[in-house]
Amino acid sequence: MTISDNVKMNILEEGTVVYVDTRDRYLEFYAVSVTQMKQGKLVLRHAMRYPTMPKTADYYIIDATGYSAASSAGYVTVFPSFEKYDHFACEIVGELTLKRSLEPVAPRKVHVIKRREGSFPDWLETHGNSNCSTAAAAFRAIESIFESVSVRTIKDPICVVSGQSDDTDALIFEGERLMPVSLEIEEEHQTEIINPLTVAVAAAEEKLYLSFRGSNLYKEDMHSVVYNRALAVLIGESDQWSAEIAKELIKKAKRRGGKYEMDRLENYCRSTAELTIDSIEKLAVIAEKWLSEQPKEEE
């Protein structure tokens with residue numbers, strides 16, 4: 001079936017939509033409403049959390065992010081990956097959860113699937129014993145079935161594999177894949193919150209903050225680190241879009257306590273060679289002049 005054959009769907013009006021969150025060892029399932037910033041760029045508003053997996057939803061939005069535990073062998077992996085499958089990928093770019101207000105997020109790729117009539121998501125029968133070799137054998141078998149396919153179609157099932165080093169579980173979703181071009185969804189109305197710039201800032205922010213996880217700099221003053229890195233981009237030879245993102249990052253880091261520190265800015269610029277400035281004195285003049293010209297923000 002080609003893209004043109006993939007009938008356009010309005011998943012707001014045609015049935016229940018469930019978001020499958022794979023970013024934790026234990027999967028979570030939410031009823032959501034959906035809008036889009038632009039075609040295939042989805043904004044989810046969580047309506048309720050299911051205590052167990054709902055089997056009769058009309059649509060499933062399956063987060064492809066997955067999970068890998070920092071201190072154990074716990075994991076969640078979603079097959080098929082998007083490595084050879086990118087034209088099927090939609091993205092979450094905004095989210096309102098049960099605990100947080102609406103905000104832009106770093107884009108996360110998702111599978112959007114319409115459940116086939118008569119089929120229901122179900123757990124694949126896997127081993128019951130606690131054994132690392134058996135668990136590895138189960139994982140390899142699942143991967144060979146769901147990942148090692150040379151030609152992708154909109155009817156390929158989605159498999160969410162989770163477990164530990166000695167345990168492997170697999171949840172199967174069958175139905176029709178909905179591509180970005182096939183979605184007829186209401187446009188996001190809170191465009192002052194969710195727009196291309198705020199989403200780009202969220203992506204840059206996540207990348208910067210995550211790069212310091214576990215480091216002393218992160219523990220000491222992560223907001224000042226982000227502030228100075230963004231400042232280095234801004235006063236360097238950056239394009240207009242990068243400069244706009246840097247300005248927003250500086251504002252957010254400043255509100256969180258970040259501040260201009262010449263030594264950190266110098267160390268960053270020397271290590272990355274991002275700036276074409278010969279002396280640290282000239283760099284200081286440029287940074288301080290730019291900061292002095294900025295309007296004072298209300299506290």
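For reference, positions follow the sequence shown, starting with 1. Every value quoted in this text rests on a predicted model; they were computed, and no experiment measured them. Below, each value reflects all heavy atoms present in this structure, side chains not excepted, and no hydrogens, waters or symmetry copies.
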Q: If you compare all heavy atoms of Asn131 against all heavy atoms of His127, which two are closest, and at what distance to 0.1 Å?
A: O-CE1, 4.3 Å

Q: Has Thr22 got a side-chain atom pairing as donor or acceptor with Gly66's backbone, closer than 3.5 angstrom?
A: yes

Q: Taking the side chain from Gln36 and the backbone from Gly40, do they hold a donor-acceptor pair closer than 3.5 Å?
A: yes

Q: About how many Å separate CE of Met53 and CG of Asp122, when rounded to the nearest 0.5 Å?
A: 6.0 Å

Q: Do you know the tightest heavy-atom contact between Lys109 and Ala89?
A: CD-CB, 4.1 Å

Q: Does the Arg115 side chain pair with the main chain of Ser119, one donor and one acceptor, at a distance under 3.5 Å?
A: yes

Q: Give a yes or no on whether the ring-centroid distance for Tyr75 and Phe139 is below 6.0 angstrom.
A: yes

Q: Say whether Ile62 and Phe29 are linked into one hydrophobic cluster, either directly or through other cluster members, by side-chain heavy-atom distances under 4.5 angstrom.
A: yes

Q: Residues two or more places apart in sequence or in another chain: which of them pass side chain to side chain contact (heavy atoms under 4.5 Å, CB included) with Ile172?
A: Leu124, Phe146, Pro157, Cys159, Glu174

Q: Please round to the nearest 0.5 Å and tell me the distance separating atom OG of Ser224 and atom CZ of Arg256.
A: 12.5 Å

Q: Please answer: with hydrophobic residues joined when any side-chain heavy atoms are less than 4.5 Å apart, are Val76 and Phe173 in the same cluster?
A: yes

Q: Nearest 0.5 angstrom please: Tyr227 OH to Lys251 NZ, how far?
A: 11.5 Å

Q: Apply side chain to side chain contact (heavy atoms under 4.5 Å, CB included) to Val112 and Tyr60, showing your working.
A: CA-CA 6 Å; Val112 181; Tyr60 292 90; over 6 Å; no

Q: Test salt bridge (charged side-chain N to carboxylate O under 4.0 Å, His left out) on Lys41 and Glu91 and set out the steps.
A: CA-CA 5 Å; Lys41 308 297 183 182; Glu91 291 182 329; 2.6 Å; yes

Q: Rounded to the nearest 0.5 Å, what separation is found between the CD atom of Glu187 and the OG1 atom of Thr35?
A: 9.5 Å

Q: Tell me the closest heavy-atom pair linking Gly74 and Arg25, and the distance in Å.
A: CA-CD, 4.2 Å

Q: Any side-chain donor-acceptor pair under 3.5 Å between Glu28 and Tyr26?
A: no

Q: Where the side chain of Glu188 meets the backbone of Val43, is there a donor-acceptor pair that is under 3.5 Å apart?
A: no

Q: Which pair of non-hydrogen atoms, one from Ser72 and one from Gln164, has the smallest distance, and what is that distance?
A: OG-OE1, 4.0 Å

Q: Under a 3.5 Å distance rule, please check whether Asn195 uses its side chain to pair with a backbone N or O of Thr191 as donor and acceptor.
A: yes

Q: Would a single hydrophobic cluster contain both Val17 and Tyr30, if residues Ile, Leu, Val, Met, Phe, Trp and Tyr are joined by side-chain heavy-atom contacts under 4.5 Å?
A: yes

Q: Given Ile61 and Val18, is the side chain to side chain contact (heavy atoms under 4.5 Å, CB included) satisfied, shown in steps?
A: CA-CA 6 Å; Ile61 297 176; Val18 169; over 6 Å; no

Q: Got a second to check how far Ser101's OG is from Arg45's CZ, nearest 0.5 Å?
A: 11.0 Å

Q: For the residue pair Gln190 and Leu102, what are the closest heavy atoms and their distance?
A: OE1-CD2, 3.5 Å

Q: Quick one: sort the Tyr19 and His46 rings into parallel, tilted or perpendicular, breaks at 30° and 60°.
A: tilted

Q: Would you give the length of the straight line joining atom CG of Asp63 to atom CG of Leu27, rounded to the nearest 0.5 angstrom?
A: 10.5 Å

